[in-house]
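Just the heavy atoms: all of them, side chains too, but no hydrogens, waters or symmetry mates, feed the values below.
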Amino acid sequence: QVQLEDSGGGLVQAGDSLRLSCVFYGRTFKAYAMGWFRQAPGKEREFVAAITWTGGSTYYEDSVKGRFTISRDNAKSTVYLQMNSVKPEDAAIYYCAADESISTVTSARRAAYWGQGTQVTVSS
């Protein structure tokens with residue numbers, strides 16, 4: 001069984017940077033595509049970024065392109081989300097997700113495994 005432990009959230013000021021981490025347990029990390037999602041109060045969970053199992057391809061939601069970077073360290077079974085130039089609208093609970101398929105890991109309804117979430121709060 002896959003378990004995901006995400007962390008790194010906190011309170012930041014607009015314009016600052018933050019790095020989220022998600023550690024993968026239970027299966028072979030390299031066999032899984034990984035993703036990040038976020039959910040703000042009163043809103044649906046939305047896709048933020050995803051990365052293939054090799055790390056060779058990445059995908060981003062339009063509003064974070066050029067500001068956020070997803071990466072993975074297969075030796076550490078960890079996926080990261082580097083968040084730069086953070087905006088108030090980036091405030092949300094961020095969740096990492098894992099799935100064997102890159103197309104499925106970009107779907108909030110279909111991704112197989114989820115972390116518990118880490119809160120990002122942005123002050124303006």
Side-chain angles (χ1 to χ4, degrees):
Q1 183 73 5
V2 170
Q3 290 185 311
L4 304 175
E5 184 176 294
D6 37 31
S7 63
L11 172 64
V12 294
Q13 289 191 330
D16 282 355
S17 297
L18 194 65
R19 189 177 80 159
L20 307 183
S21 301
C22 174
V23 182
F24 177 105
Y25 299 96
R27 296 274 176 87
T28 302
F29 181 61
K30 289 187 292 186
Y32 286 79
M34 301 296 295
W36 285 98
F37 290 75
R38 64 187 179 188
Q39 188 167 18
K43 295 188 177 181
E44 291 188 353
R45 191 170 299 189
E46 66 173 0
F47 169 75
V48 174
I51 188 167
T52 56
W53 67 272
T54 64
S57 295
T58 56
Y59 306 87
Y60 297 94
E61 191 270 329
D62 285 346
S63 71
V64 307
K65 285 180 181 177
R67 300 189 298 121
F68 291 10
T69 302
I70 188 171
S71 62
R72 64 190 295 157
D73 184 338
N74 285 347
K76 296 182 178 179
S77 297
T78 301
V79 63
Y80 303 98
L81 185 69
Q82 178 67 43
M83 305 168 61
N84 296 332
S85 302
V86 173
K87 301 177 180 180
E89 53 263 43
D90 294 322
I93 300 174
Y94 282 71
Y95 299 89
C96 67
D99 199 283
E100 292 178 310
S101 165
I102 185 62
S103 60
T104 309
V105 86
T106 60
S107 168
R109 288 184 173 85
R110 298 172 60 198
Y113 302 101
W114 293 89
Q116 79 283 1
T118 186
Q119 177 76 52
V120 173
T121 304
V122 182
S123 64
S124 56

So do [Y] and [X] actually touch side chain to side chain, heavy atoms under 4.5 Å?
{"X": "Gln116", "Y": "Asp6", "value": "yes"}
{"X": "Leu18", "Y": "Leu20", "value": "yes"}
{"X": "Arg67", "Y": "Tyr60", "value": "no"}

Hey, could you give me the [atom1]/[atom2] distance between [X] and [Y], rounded to the nearest 0.5 Å?
{"X": "Ser77", "Y": "Arg27", "atom1": "OG", "atom2": "CZ", "value": "13.5 Å"}
{"X": "Gln39", "Y": "Tyr95", "atom1": "CD", "atom2": "OH", "value": "5.5 Å"}
{"X": "Glu5", "Y": "Cys96", "atom1": "CD", "atom2": "SG", "value": "9.5 Å"}
{"X": "Lys30", "Y": "Thr54", "atom1": "NZ", "atom2": "OG1", "value": "11.5 Å"}
{"X": "Cys22", "Y": "Leu81", "atom1": "SG", "atom2": "CG", "value": "10.5 Å"}
{"X": "Ile93", "Y": "Thr121", "atom1": "CD1", "atom2": "OG1", "value": "9.0 Å"}

Should the pair Phe47 and Phe37 be assigned to parallel (<30°), tilted (30 to 60°) or perpendicular (>60°) ring geometry?
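Because their plane-to-plane angle is over 60°, the rings of Phe47 and Phe37 count as perpendicular.
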Kindly assign one of parallel, tilted or perpendicular to the pair Tyr113 and Tyr32, based on the angle between their ring planes and the thresholds 30° and 60°.
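Perpendicular, since the angle between the ring planes exceeds 60°.
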Going through the distances and angles, do Asp16 and Val86 end up as a side chain to side chain contact (heavy atoms under 4.5 Å, CB included)?
CA-CA 6 Å; Asp16 282 355; Val86 173; 5.5 Å; no
Do you know the tightest heavy-atom contact between [X] and [Y]?
{"X": "Ala97", "Y": "Ala111", "value": "CB-CB, 4.0 Å"}
{"X": "Ala14", "Y": "Ser124", "value": "CB-CA, 4.3 Å"}
{"X": "Ala98", "Y": "Met34", "value": "CB-SD, 3.5 Å"}
{"X": "Ser85", "Y": "Asp90", "value": "O-OD2, 4.4 Å"}

Test side chain to side chain contact (heavy atoms under 4.5 Å, CB included) applied to Glu61 and Phe68, step by step
CA-CA 10 Å; Glu61 191 270 329; Phe68 291 10; over 6 Å; no
Cationic N near anionic O, under 4.0 Å, Asp62 to Lys65
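Salt bridge: yes.
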Single hit among Tyr59, Tyr80, Trp36 for side chain to side chain contact (heavy atoms under 4.5 Å, CB included) with Ile70
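Exactly one option meets the side chain to side chain contact (heavy atoms under 4.5 Å, CB included) with Ile70, and it is Trp36.
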Look at the side chain of [X] and the backbone N and O of [Y], then say whether any donor-acceptor pair between them is shorter than 3.5 Å.
{"X": "Thr69", "Y": "Gln82", "answer": "no"}
{"X": "Ser107", "Y": "Thr104", "answer": "no"}
{"X": "Asp99", "Y": "Ala112", "answer": "yes"}

Same cluster or not: are Val105 and Val48 linked, directly or through other Ile, Leu, Val, Met, Phe, Trp or Tyr residues, by side-chain heavy atoms under 4.5 angstrom apart?
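Val105 does not cluster with Val48.
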Honestly curious: do Val12 and Val64 fall in one hydrophobic cluster under the side-chain, below-4.5 Å linking rule?
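Yes, Val12 and Val64 fall within the same hydrophobic cluster.
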Scan residues 45-56 for pairs that pass salt bridge (Lys or Arg N to Asp or Glu O under 4.0 Å), counting only residues two or more places apart or in two chains.
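Qualifying pairs, neighbours excluded: Arg38-Glu46.
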Looking at Trp53, I want to see if its CH2 is surrounded by more than 12 non-hydrogen atoms of other residues, nucleotides or ligands under 6.0 Å.
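Atom CH2 in Trp53 is not packed in, count stays at 12 or less.
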Does the structure place the NZ or CZ of Arg72 under 6.0 Å from the centre of the six-membered ring of Phe24, at an angle of no more than 45° from the ring's axis?
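No - Arg72 does not lie over the ring of Phe24 by the 6.0 Å and 45° rule.
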